[in-house]
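The sequence lines fix the lettering, A, B, ..., with proteins before strands; numbering per chain opens at 1. When reading the values below, keep in mind they use all heavy atoms of this one structure, side chains included, and skip hydrogens, waters and symmetry mates.
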Number of protein chains: 2
Amino acid sequence: MTQSDQTFQQLLDAIIKGEIQPGSRLRETELASEFGIGRGPLREALQRLESRKLVTKVPHVGAQVVDFNLPELVEIYQLRENLEGLACELAANNMTDAELDELEVLLQKHQAFVEQSSGAAYIQQDSDLDFHFKIIQCSGNSWLVQLLCDELYHRVRMYRYQSAHQKSRPARAIKEHTQIFEALRARDGELASLLMRRHISAARQNLISVATPIDSGD
Amino acid sequence: MTQSDQTFQQLLDAIIKGEIQPGSRLRETELASEFGIGRGPLREALQRLESRKLVTKVPHVGAQVVDFNLPELVEIYQLRENLEGLACELAANNMTDAELDELEVLLQKHQAFVEQSSGAAYIQQDSDLDFHFKIIQCSGNSWLVQLLCDELYHRVRMYRYQSAHQKSRPARAIKEHTQIFEALRARDGELASLLMRRHISAARQNLISVATPIDSGD
DNA sequence: AATTTATATTTTGTTAACAATATTGATTGA
DNA sequence: TCAATCAATATTGTTAACAAAATATAAATT
């Protein structure tokens, strides 16, 4: 594994978990010596973060970690709604019985996390994303997989870590996941797609209502 | 503008137009001296091409231009179908009257190209893509714009240049574009979306039938 | 002759120094 | 006191040399 790869992974993790704060300036020399590598590989790592939209770069000025931004997150959820709907349609036809079993395991694992209600919220939320990931990967469309898993989802995870206190709505999510799973098991792509779209749409609206201070009208 | 930027643009153009053949090996030293630059900026350019999926890199081995691949193109059209459908929905609400006028101009320009039926096919096809681009940009969803314009479309254009002889179906395309435009003008997002999905779906099926040798059944 | 082993060559990964640009801070003038 | 100008500093862009890995070539063995 190249140094560029390693550094990319480590920076990715640190940014998503908020260990490097949103908006931070990323100085090449500073980071390079921190990781004990030269500036070359570090620049490559930064560029890869930029292509995932976790970092913005301005020529001759520098790089900084993206800042949290509700409108942008809403945009991402709009895309998820459509793309994951499509993923369900495709997965309903493509996925094997073994894959369905694996998905069921994920669902049960998630349920267990919620019921014992222990552990940090982000564990539960990662578990939620695992369910979505699995379906996407079963779609069989490699571009769809890359777009969602490798580009949009980093941003979603970043947001979740940074607002892990808002426990979203785990019980309801599980129920919706179960419905989606059953539609997939029945190979009903149309229904699975509809349910997934509704599921993400609800999450999007929840996002807005949580982040927006209630306007009491006075 | 940095050397990395310039080189990226030039390589992008050369790859899309087929001046650098699909499957070609891209040797760093060779290209660098060809562009009269060092290997550093060249590597950055290659990396950016990789993130657009026009080049594949293997560590310690090297980079090569992606090869044409029908199943992958079909995957991309599946995504376009959904994403551009969404773009229409959003654009119907968001786009200004001025933008509608601009779109109409593009439509007429495209029509002119087809009627005079002169010029290379790829001019007509670029003109076709301009129409799609415009709508996407009017969606107001910046992630949608980037995904489509900056990632998926390079691959579409690459395919079109390399099969410019297959004149697709320009007259029909114009007719469908006109319908979509009228729906947008009427601010009917649902209809515009439906028409766009159907439009791209037809293109996808055309793609398959053109590329697949007719199975006469014997 | 075919296959393996060893060697040489090519090519990528990495570094450290240099050049160019932007930022910062001090200085000057109104 | 504030604004503008200039020098000093810090930071990115770029290059050329070196290190490590993979590929190609040649020799040796069965």
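In this structure, the CZ atom of A:Arg48 is 11 Å from the P atom of C:dG13, given to the nearest Å. Atoms CZ (A:Arg27) and C1' (D:dG13) sit 17 Å apart, rounded to a whole Å. One interatomic measurement links the two molecules: NZ of A:Lys57 to P of D:dT12, which rounds to 9 Å at whole-angstrom precision. For the pair A:Met1 CE and D:dA20 C1', the computed distance is 18 Å after rounding to whole Å. Straight-line distance from the CD atom of A:Gln6 to the C1' atom of C:dG13: 13 Å, rounded to whole Å. D:dG13 atom C1' lies 14 Å from atom CG of A:Leu42, rounded to whole Å. The separation between B:Leu26 atom CG and C:dT12 atom P is 9 Å, rounded to whole Å. C:dT12 atom P lies 13 Å from atom CD of B:Glu50, rounded to whole Å.
Distances from the side chain of B:Val61 to the nucleotides C:dT11, D:dT11, D:dT23 place D:dT23 closest. The side chain of B:Arg39 lies closest to C:dT14, out of D:dA22, C:dT14, D:dT12. Closest contact between the side chain of B:His60 and the listed nucleotides D:dA22, D:dT15, C:dA22 involves D:dA22. Side-chain proximity of B:Arg25 to the nucleotides D:dG13, C:dT11, C:dG13 is greatest for C:dT11. Among the nucleotides D:dG13, D:dT23, C:dT12, the one closest to any side-chain atom of A:Glu28 is D:dG13.
Using a 4.0 Å heavy-atom criterion, one finds that A:Gly62 contacts the sugar-phosphate atoms exclusively. Among the atoms of the strands shown, none is found under 4.0 Å from any heavy atom of A:Leu46.
Phosphate proximity of D:dG13 to A:Arg43: present, with a side-chain N or O under 4.0 Å from OP1 or OP2.
Nearest heavy-atom pair across B:Gly140 and A:Glu75 is O-OE2, 3.3 Å.
For the salt bridge (Lys or Arg N to Asp or Glu O under 4.0 Å) test with A:Arg39, the passing option among A:Glu28, A:Glu44, A:Glu30 is A:Glu28; the others fail. No option in B:Val66, B:Leu12, B:Ile15 other than B:Ile15 meets the side chain to side chain contact (heavy atoms under 4.5 Å, CB included) test with B:Val55.
Using a 4.0 Å cut-off between charged side-chain N and carboxylate O, A:Arg187 and A:Asp97 make a salt bridge. With respect to the salt-bridge test (charged N to carboxylate O, under 4.0 angstrom), the residues A:Asp128 and A:Arg160 qualify.
Two residues, A:Pro41 and B:Glu30, neighbour DNA chain C, and the one matched to the more 5' nucleotide by heavy-atom proximity is B:Glu30.
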